[in-house]
There are 2 protein chains.
Amino acid sequence: MRNFSFVNPTRIEFGKGKEQKIGDFMSEFGVKRAILLYGSERIKNSGLYDIVASSLKQNGIEFIALGGIKSNPVLSKVNEAINLAREFKADSVLAVGGGSVLDSAKAVAAGVCYDGDVWDLFTGKKPKAALKIFDIITLAATGSEMNNGAVVTNENTAQKYAISGECLYPALSVINPELQASVSRDYLVYSAADIIAHSIEGYFSATYHPELVRMQIEANIKAVIKTTEILLENPNDYDARAEFAWAATLALNGYTYLGVEGFSYPNHLIEHAMSAITDCAHGAGLSVVIPAWSKWYKDKNPDAFKRFGREIFGLNSADDGINALKAWFDKVGTPTSLKQLNIDDEILAKIIDNAVMNAKAWRMDKLYTKENITEIFALAK
Amino acid sequence: MRNFSFVNPTRIEFGKGKEQKIGDFMSEFGVKRAILLYGSERIKNSGLYDIVASSLKQNGIEFIALGGIKSNPVLSKVNEAINLAREFKADSVLAVGGGSVLDSAKAVAAGVCYDGDVWDLFTGKKPKAALKIFDIITLAATGSEMNNGAVVTNENTAQKYAISGECLYPALSVINPELQASVSRDYLVYSAADIIAHSIEGYFSATYHPELVRMQIEANIKAVIKTTEILLENPNDYDARAEFAWAATLALNGYTYLGVEGFSYPNHLIEHAMSAITDCAHGAGLSVVIPAWSKWYKDKNPDAFKRFGREIFGLNSADDGINALKAWFDKVGTPTSLKQLNIDDEILAKIIDNAVMNAKAWRMDKLYTKENITEIFALAK
């Protein structure tokens, strides 16, 4: 194992009804004034908004709400929220929604404490301080509820970039699997692809990977595959929903990268270009990229791919494992070809240029040249 | 999954050479005056003591040292350290040693901040405050480096009891697998038994256990079995030593008990009586108890035992799995019978009485009656 430093201070409140206590929880952290961010108006129809508002009020927490955060969240909305939070003198941000809402909340939390353009924090500067971050996560996918990263798209430059820093761990995250039961069939399987992506990026790309950590990742992937299939049959299976949610958190809360050397996020690098240009769902883009990238990359790390095939699908070769994963994506109905996302050659050219830009920004341009990215996409047609 | 609240604030500094920075790390937490606790004088001969002292001095941290903490640490030593820490006006405790030293350090940290007999905190009262706790852990076994519990024996009453509380998480733990390479062959296999015990207590005793969490536990047990065998061949295999160390931490840092219902620590309950009466090594006692208890308990949770046999040893029945675990303990050389620990009927009678006392204190006396404990021990003869 390679040397590592690790701390994850986020408190998790997991289970049924936990959202009813959000005001109590935030009070424990001394919160007085919050900006509440959310996505669509669905949380008002479902009654979740009222539950949250009532708990905040009961605890004497003043708040101002801002909705309308969309999937693949955008910088302009983050800036709107930063201005509002400053005006309101918020001491904390509460995200009620999926990864996009929470990622926006993290950017807002850092942006309010930064004297300059928040985009600086996505392009080289490190956030040094942030408002306290809380969330009620209504979609299991990104793992943002227990990590210190966030991804936002600058719609002026089509840059889908990340911010990260110690100050961006949520203070407390509520994960109530019941609140995630209303997610659409499509978003369930896109989320499965996202969780699997978080699990395999390091698994496949690392130059060294401790076996214990590999086994934990395999446990996580098996849980995602099994619970996705259960949930497709019965969206209200609570235990499956709960394990799916917890697998999402575990996939990217740090543990699956401990002691690992030389890993990167190539599938994310490529997918970010796809959703930046086409606004496709992140998980849908990932399920297109993963099989293609895997076929292209497998000979650079044959042991990892062979092991994946054996441990996840009981198969004997790297190719069989990759094909089985693709077949599983096909079976559950998350796309595996550019065609399914209506990406023609003209759009693809823009995506490739965008991915080349990402590769430079992520310092991965030595391997992810225009030629190689083009080759990878050719395997996804 | 059942509802849970979880937070683990301990920072881990893992890897080669990390102990050289202990003063720097403690400075980050504002430490000015520490009491340094250790066990035998071996850390002076190995040079570790000097490395620690020098790093503390470089960072302007005053310290006072107290050695002589033994395995199955005792209350009198804890009280001696509490007095010394108060006199010295220590703001923190630094443990350099194994689980016994760290557990003592936790008791000292809480005891200094408690206005009364520290033993109260082992017998019903909850610690509310503690000095900051740091450690350089030189034996991988107890997992104390990333949890909030500690076990100490009151030698006047032969009570081996636990203290726990939010304030007892170490602020920072150094885990350098190289410092653990000099552990004796015996203590390596006792430690393996301890880690396996931490892994299986919940696995076997829970009335509900999420499958994802089960799979993580299985990964951990497999890693312990594999790395123990590697280390018996080659004690200097760094990666095996590192994975063994990390498996020890993961077995009891909270994650393997999340969402689990109705679990308890029966093997620990019984073993504590053994080491309280005979001063045997905790892991050695556990490897005697586990097969006996498992045979006695297996029909109360047949699925868990059957699954264990299949997943860990590739076998088809609960009995085969239990026998395989016992055979593995025999193979690596940790005891599996009372005879091997020189426990005759006279001593056993005292142990049984002590275990009955534990069962009452732990509120497990409905199942763990004198008759049943006697039956369990009869399977360990």
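Below, all heavy atoms of this structure are taken into account, side chains as well, without hydrogens, waters or symmetry copies. On a predicted model such as this, the values are computed, not experimentally measured, just so you know. So that the names make sense, note that chain A is the first sequence line, chain B the second, and so on, each numbered from 1.
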* CG (B:D24) with more than 12 external heavy atoms under 6.0 Å -> yes
* Asked: Do you know which of B:G259, B:A240, B:P210 has the most heavy-atom pairs under 4.5 Å to chain A?
  -> B:P210
Between [X] and chain B, which part of the residue has a heavy atom less than 4.5 Å away: side chain, backbone, both or neither?
X: A:N176; result: neither
X: A:L250; result: side chain
X: A:P9; result: backbone
X: A:L172; result: neither

* Gap between atom CD of A:E218 and atom CD of B:E218 - 0.5 Å precision ->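 Going from CD on B:E218 over to CD on A:E218, the span is 12.5 Å.
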What is the minimum heavy-atom distance between [X] and [Y], and which atoms define it?
X: B:M1; Y: A:Y238; value: O-CE2, 3.3 Å
X: B:K16; Y: A:N3; value: N-OD1, 2.8 Å
X: B:E13; Y: A:S5; value: OE1-OG, 2.6 Å
X: B:F4; Y: A:K18; value: O-NZ, 3.5 Å

* Residues from residues 134-144 of chain A approaching chain B under 4.5 Å (heavy atoms) ->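 None at all.
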* **Side-chain heavy atoms of B:R11 within contact of A:N8, under 4.5 Å** => no
* Would you please classify the geometry between the A:W246 ring and the B:Y255 ring as parallel, tilted or perpendicular, with 30° and 60° separating the classes? => parallel
* Mind checking which of residues 222-237 of chain B sit less than 4.5 Å from chain A, heavy atom to heavy atom? -> B:K222, B:A223, B:K226
* Largest heavy-atom contact set with chain B, pairs under 4.5 Å, which of A:V7, A:L212, A:T10 -> A:L212
* Any donor-acceptor pair under 3.5 Å linking the side chain of A:Q216 with the backbone of B:A219? -> no
